S.K.: 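Take a look at this one; I'll ask things after.
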Amino acid sequence: MLSIPFIRENKSEVIKRLAIKNFNHTGLIEEVLQLDDRRRSIQRESDETLAEANQLAKQIGVLYKSGKAQEASALKESSVALKEKARKLNEELEQVKNQLADKMVEIPNLPHSSVPAGRTSDENICVYEEGNKPNLHEGALPHWDLITKYKLIDFELGNKVTGAGFPIYTGKGARLQRALINFFLDEAIAAGYHEVQPPLLVNEASAYGTGQLPDKEGQMYTIGLDNLYLIPTAEVPVTNIFRDVILAESELPVRTTAYSNCFRREAGSWGKHVRGLNRLHQFDKVEIVEIAHPAQSYEVLESMKTHVMKLLQKLKLPFRILKLCGGDISFTSALTFDFEVYSAAQQMWLEVSSVSNFEAYQANRMKLRFRDKEGNIQTAHTLNGSALALPRVVAALLENNQDAYGINLPEVLHPYTGFARIE
RNA sequence: GGAGAGAUGGCAGAGUGGUUGAAUGCGGCGGUCUCGAAAACCGUUGUUCCGCUAUCGUGGAACCGGGGGUUCGAAUCCCCCUCUCUCCGCCA
């Protein structure tokens with residue numbers, strides 16, 4: 001969330017910037033500031049009352065010790081009254097705090113000044129494009145047909161065992177998954193990221209910390225009995241490692257990578273866009289997460305982009321980078337770049353990575369801070385990106401590298417797969 | 001799942017109703033000494049909120065796993081919850 005002092009000091013700027021995200025609920029900003037005023041005045045009154053009560057308690061203690069029980073009991077009465085007053089104030093304070101918290105989570109992160117206005121993904125701006133779209137042979141197949149032809153993934157079987165969107169990878173298909181995961185992890189480690197293997201289930205506090213809760217609950221699978229959530233991305237457990245942590249400035253940036261399964265309930269649209277590997281309920285992804293100094297977070301964002309670019313270059317996939325417009329950027333993000341690979345048989349761009357700077361938005365929520373050289377505590381910035389999500393990479397690899405008799409895999413993967421070609 | 005023990009500051013570990021935000025040790029930071037370092041010695045060392053202050057600061061409130069209760073007063077007593085450890089059971 002945003003910080004209230006920041007909103008107070010930059011109100012018109014906040015309103016202006018939020019408009020880029022098509023957020024025009026100016027009333028909410030006012031409400032927040034008013035609630036905060038109330039919070040502060042109640043806080044003050046409560047503190048004063050308690051201070052008085054503490055004074056009395058000390059006096060009573062002294063009186064008892066010196067044997068003046070009578071005087072002490074006289075003071076007790078006013079002490080009881082003060083306590084009652086403090087209790088009421090505290091109740092009120094809690095109420096106001098809760099209201100304030102509820103309002104605060106409704107305010108999205110401010111977009112970075114470079115974020116273009118826009119409503120839909122059509123208004124995203126392509127900032128970079130690389131690689132040639134391959135010329136496929138006559139009769140080239142979309143990946144879902146290739147998958148069947150070469151027995152790489154069994155959607156029907158996954159359907160039987162679990163349901164739609166939970167494919168079963170088989171044979172070379174399974175091996176390719178494992179190869180990509182290892183390749184991505186090795187590349188991340190080589191780039192200086194520290195590998196962790198997080199839990200696939202998180203508690204409520206973690207889901208809240210990264211912003212999945214309170215309003216995106218429907219996108220996650222929940223374990224009601226134990227009040228846990230299946231992670232939609234490793235971003236959630238990995239970023240939450242740093243919840244309620246005060247880092248030393250010298251530790252920044254903290255660079256972490258993790259492979260995980262990802263679970264998403266999101267029921268998509270129909271047709272081509274969700275066919276085959278285009279959209280799944282369970283998929284694999286290697287994620288990179290960084291905790292950065294506020295002054296450096298945009299350099300870090302660039303380095304994350306570079307890392308993702310290198311992966312796609314090594315896989316020899318044509319790709320482009322989009323800067324998301326205000327309407328397409330997520331609630332919590334300040335600046336997001338999407339990476340899309342060209343899937344030649346579908347003749348479609350597929351999103352394989354999303355790299356974002358959340359600035360202090362997540363960090364404020366989860367109290368992720370660092371102590372600067374002067375000893376002051378500051379909120380850190382958080383960033384993350386996919387490096388990469390597997391299914392659509394697989395789709396593009398299969399489609400783009402097919403010939404009439406099989407599929408050639410990019411060289412970098414050969415040591416991982418143990419085979420160069422699928423036939 | 002059953003039985004028992006426990007949860008205190010960055011860590012270890014005292015503290016069982018009254019100036020205790022909390023002894024002591026370690027670590028961290030600053031200094032003395034040194035060409036420099038180590039050792040030794042001295043000093044310092046938590047977080048959040050509210051106020052005052054241009055700044056260094058400073059006054060107040062809260063926090064000893066979480067929530068509630070008793071009391072004029074709770075780290076300390078009572079209740080509930082969570083978690084950890086040990087033993088048993090089960091088990092990849």
Side-chain angles (χ1 to χ4, degrees), chain A residues 1-9 32-104 197-209 213 223-229 237 240-252 254 261 291 360 362-380:
Chain A
M1 62 180 98
L2 300 175
S3 90
I4 294 174
F6 178 83
I7 297 177
R8 190 184 300 282
E9 282 158 36
V32 160
L33 292 178
Q34 278 166 21
L35 275 170
D36 191 51
D37 284 340
R38 270 205 66 207
R39 188 198 110 247
R40 292 195 296 177
S41 88
I42 297 169
Q43 176 79 248
R44 195 177 330 145
E45 201 181 343
S46 161
D47 282 359
E48 280 163 10
T49 309
L50 288 170
E52 214 176 315
N54 287 345
Q55 274 306 317
L56 271 182
K58 271 184 194 167
Q59 284 178 34
I60 291 167
V62 172
L63 287 174
Y64 269 123
K65 276 195 176 163
S66 52
K68 297 175 185 164
Q70 202 121 37
E71 286 178 48
S73 23
L75 287 181
K76 276 190 193 181
E77 275 180 45
S78 40
S79 185
V80 169
L82 282 173
K83 192 188 157 194
E84 176 59 17
K85 186 180 172 194
R87 197 188 56 77
K88 279 187 181 151
L89 284 170
N90 191 50
E91 244 170 49
E92 214 179 324
L93 186 61
E94 284 305 309
Q95 220 175 0
V96 170
K97 277 185 176 173
N98 286 337
Q99 284 174 22
L100 190 54
D102 288 348
K103 299 287 179 201
M104 284 304 287
Q197 207 175 91
L200 303 180
L201 277 69
V202 294
N203 58 28
E204 214 172 324
S206 293
Y208 178 83
L213 292 182
I223 313 285
L225 201 56
D226 298 294
N227 206 13
L228 296 172
Y229 300 84
N240 274 283
I241 289 172
F242 303 95
R243 173 154 45 84
D244 290 319
V245 167
I246 300 174
L247 295 158
E249 182 170 348
S250 59
E251 291 176 83
L252 301 177
V254 178
N261 294 302
I291 318 288
Q362 290 181 330
N364 269 329
R365 266 202 200 192
M366 63 175 120
K367 298 199 176 69
L368 196 188
R369 293 162 297 167
F370 72 95
R371 200 182 299 276
D372 66 25
K373 290 188 186 91
E374 283 74 45
N376 301 314
I377 288 172
Q378 292 189 43
T379 308

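Keep in mind that this is a model prediction, so the values were computed, not measured. Chain naming here is simple, since letters A, B, ... match the order of the sequence lines and numbering starts at 1 in each.
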S.K.: Could you give all pairs that pass the salt bridge (Lys or Arg N to Asp or Glu O under 4.0 Å) test and reach residues 41-51 of chain A, with sequence neighbours left out?
M.R.: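 Salt bridge (Lys or Arg N to Asp or Glu O under 4.0 Å) check on residues 41-51 of chain A returns no pairs.
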
S.K.: What nucleic acid atoms does L82(A) come within less than 4.0 Å of, heavy atoms only: base, sugar-phosphate, or nothing?
M.R.: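 The residue L82(A) makes no contact with any strand.
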
S.K.: Could you state the CD-P distance from E52(A) to G60(B), rounded to the nearest angstrom?
M.R.: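 To the nearest whole Å, that distance equals 14 Å.
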
S.K.: Got a sec, which residues hit side-chain hydrogen bond (donor to acceptor under 3.5 Å, both in side chains) with R38(A), two or more places apart in sequence or on another chain?
M.R.: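 If we apply the side-chain hydrogen bond (donor to acceptor under 3.5 Å, both in side chains) test to R38(A), skipping adjacent residues, the hits are E92(A).
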
S.K.: Which base, if any, makes a Watson-Crick or G-U wobble pair with A23(B), both distances under 3.5 Å?
M.R.: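 When the pairing criteria are applied, nothing turns out to pair with A23(B), so the answer is none.
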
S.K.: Would you tabulate the nitrogen or oxygen pairs shorter than 3.5 Å linking the protein to nucleotides 67-74 of chain B?
M.R.:
residue, atom, partner, partner atom, Å
C72(B), O2', S79(A), OG, 2.5

S.K.: Mind jotting down which residue pairs meet the salt bridge (Lys or Arg N to Asp or Glu O under 4.0 Å) criterion with at least one end in residues 240-252 of chain A? Sequence neighbours excluded, please.
M.R.: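 Non-adjacent pairs meeting salt bridge (Lys or Arg N to Asp or Glu O under 4.0 Å): E249(A)-K373(A).
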
S.K.: What does the B/S/- profile of nucleotides 75-85 of chain B look like, 5' to 3', with a 4.0 Å heavy-atom cutoff to protein?
M.R.: -----------

S.K.: Quick one: side-chain hydrogen bond (donor to acceptor under 3.5 Å, both in side chains) partners of Q43(A), sequence neighbours excluded?
M.R.: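 With neighbours one apart ignored, the set is empty.
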
S.K.: For Q34(A), enumerate each residue passing the side chain to side chain contact (heavy atoms under 4.5 Å, CB included) test, keeping only those at least two apart in sequence or located in another chain.
M.R.: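 Here no residue qualifies.
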
S.K.: Checking Q55(A) now: which residues fulfil side-chain hydrogen bond (donor to acceptor under 3.5 Å, both in side chains) with it, not counting sequence neighbours?
M.R.: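 Here no residue qualifies.
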
S.K.: When you measure from every atom of RNA chain B, which of residues 41-51 of chain A have a heavy atom less than 4.0 Å away?
M.R.: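 Here the set is Q43(A), R44(A), D47(A), L50(A), A51(A).
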
S.K.: Does R39(A) have any salt bridge (Lys or Arg N to Asp or Glu O under 4.0 Å) partners at least two apart in sequence or in another chain, and if so, which?
M.R.: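 In terms of salt bridge (Lys or Arg N to Asp or Glu O under 4.0 Å), with neighbours along the sequence ignored, R39(A) is linked to D36(A).
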
S.K.: Going by ring-ring contact (aromatic ring centres under 6.0 Å, His included), name the residues that satisfy it together with F242(A), two or more places apart in sequence or in a different chain.
M.R.: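 Partners of F242(A) under the ring-ring contact (aromatic ring centres under 6.0 Å, His included) test: none.
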
S.K.: Assess whether atom CD of E84(A) is packed by more than 12 heavy atoms of other residues, nucleotides or ligands within 6.0 Å.
M.R.: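 It does: E84(A) CD has more than 12 such atoms within range.
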
S.K.: For N261(A), enumerate each residue passing the side-chain hydrogen bond (donor to acceptor under 3.5 Å, both in side chains) test, keeping only those at least two apart in sequence or located in another chain.
M.R.: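 Applying side-chain hydrogen bond (donor to acceptor under 3.5 Å, both in side chains) to N261(A) gives Y259(A).
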
